[in-house]
Amino acid sequence: MELGSRFGCHQRADRSFSIGNYQFPVCARCTGILISTIIAYIVYFTRKIKVDKCVWIIIPMIVDGTLQYFGICESNNKRRFITGLLGGFGCTCIRLNIFMNLIHTIKKF
């Protein structure tokens, strides 16, 4: 559980997946983010994803988290996981784009 808190996850039991009596060390949304981060690294180096597409796929996570934060709509773990997958993938691809552009710029000099 310490590992999950180091990643900045709130680890709430009602927002986390469980197997039997074992609660995952990160919540459903963070689980999606972590899984999609790994997938994004694999996909990015086989097919470059444009930043504007990445921004669009982050929006569902922002909307879901915002609605939940303000108490407008309570999300469920399935939706948290799916929006985490989308948001994590988009954010990772944006970071990779920035990093690769930075490397490319440094190589020019």
Side-chain angles (χ1 to χ4, degrees):
M1 292 301 283
E2 283 184 39
L3 181 62
S5 65
R6 287 183 186 166
F7 281 115
C9 182
H10 57 67
Q11 302 176 314
R12 284 180 44 178
D14 62 327
R15 294 187 181 176
S16 299
F17 293 123
S18 296
I19 296 176
N21 290 330
Y22 176 76
Q23 177 187 330
F24 279 31
V26 292
C27 69
R29 186 169 286 127
C30 290
T31 301
I33 290 169
L34 291 172
I35 290 170
S36 66
T37 297
I38 295 165
I39 294 168
Y41 274 95
I42 296 166
V43 170
Y44 183 83
F45 290 107
T46 59
R47 180 174 175 221
K48 189 172 180 179
I49 312 293
K50 293 185 178 184
V51 173
D52 59 339
K53 289 182 182 178
C54 295
V55 171
W56 282 106
I57 64 173
I58 294 170
I59 291 173
M61 185 176 74
I62 294 169
V63 170
D64 185 48
T66 302
L67 291 174
Q68 187 170 301
Y69 180 78
F70 288 109
I72 296 168
C73 175
E74 184 66 26
S75 189
N76 59 37
N77 283 347
K78 183 178 178 181
R79 187 182 322 161
R80 289 182 192 108
F81 178 71
I82 291 169
T83 59
L85 282 172
L86 293 170
F89 185 87
C91 287
T92 301
C93 286
I94 288 172
R95 284 192 304 268
L96 286 168
N97 271 306
I98 291 168
F99 179 73
M100 295 308 287
N101 286 334
L102 181 63
I103 295 295
H104 181 70
T105 303
I106 291 170
K107 283 184 178 181
K108 281 185 177 180
F109 291 112

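The structure displayed is predicted, hence computed values, not measured ones. When reading the values below, keep in mind they use all heavy atoms of this one structure, side chains included, and skip hydrogens, waters and symmetry mates.
With values rounded to the nearest 0.5 angstrom, Arg79 atom CZ is found 4.5 Å from Cys73 atom SG. A distance of 9.0 Å separates CG of Asp14 from CD of Gln23, quoted to the nearest 0.5 Å. Here the SG-CE distance, from Cys93 to Met100, works out to 12.5 Å after rounding to the nearest 0.5 Å. The CZ atom of Phe81 sits 8.5 Å away from the OG atom of Ser36 when rounded to the nearest 0.5 Å. In this structure, Asp64 CG and Asn76 CG are separated by 8.5 Å, a value rounded to the nearest 0.5 Å. Ile49 CD1 to Asn97 CG: the interatomic distance, rounded to the nearest 0.5 Å, is 8.5 Å.
Crowding of Phe45 atom CZ: a count of heavy atoms from other residues, nucleotides or ligands under 6.0 Å exceeding 12.
Side-chain contact between Ile94 and Ile58 is present, with at least one heavy-atom pair separated by less than 4.5 Å. Here the side chains of Arg29 and Met61 are in contact, with some heavy-atom distance below 4.5 Å. In this structure the side chain of Ile19 reaches within 4.5 angstrom of the side chain of Phe24, judged on heavy atoms. Residues Tyr44 and Thr92 are not in side-chain contact: their nearest non-hydrogen atoms beyond the backbone lie 4.5 Å or more apart.
Heavy atoms only, all atoms of each residue included: Ala28 and Arg80 are closest at CB-CB, 4.0 Å. Nearest heavy-atom pair across Gln11 and Pro25 is NE2-O, 2.7 Å. The shortest non-hydrogen separation linking Ser16 to Cys27 is OG-CA, 3.4 Å.
With hydrophobic clusters built from ILVMFWY side chains whose heavy atoms lie under 4.5 angstrom apart, Ile62 shares a cluster with Val51. In the hydrophobic clustering of ILVMFWY residues, with side-chain heavy atoms under 4.5 Å counting as a link, Leu96 and Ile33 come out apart. Linking Ile, Leu, Val, Met, Phe, Trp and Tyr whenever their side-chain heavy atoms come within less than 4.5 Å puts Ile72 and Val63 in one cluster. In the hydrophobic clustering of this structure, Tyr69 does not group with Ile82; members are Ile, Leu, Val, Met, Phe, Trp, Tyr whose side-chain heavy atoms approach within less than 4.5 Å, directly or through other members.
The list of side chain to side chain donor-acceptor pair (under 3.5 Å) pairs with a residue in residues 47-57, not counting sequence neighbours, is empty.
Other members of the hydrophobic cluster containing Leu102, listed by chain and number, are Ile106; membership follows side-chain contacts under 4.5 Å among ILVMFWY residues, whether direct or relayed.
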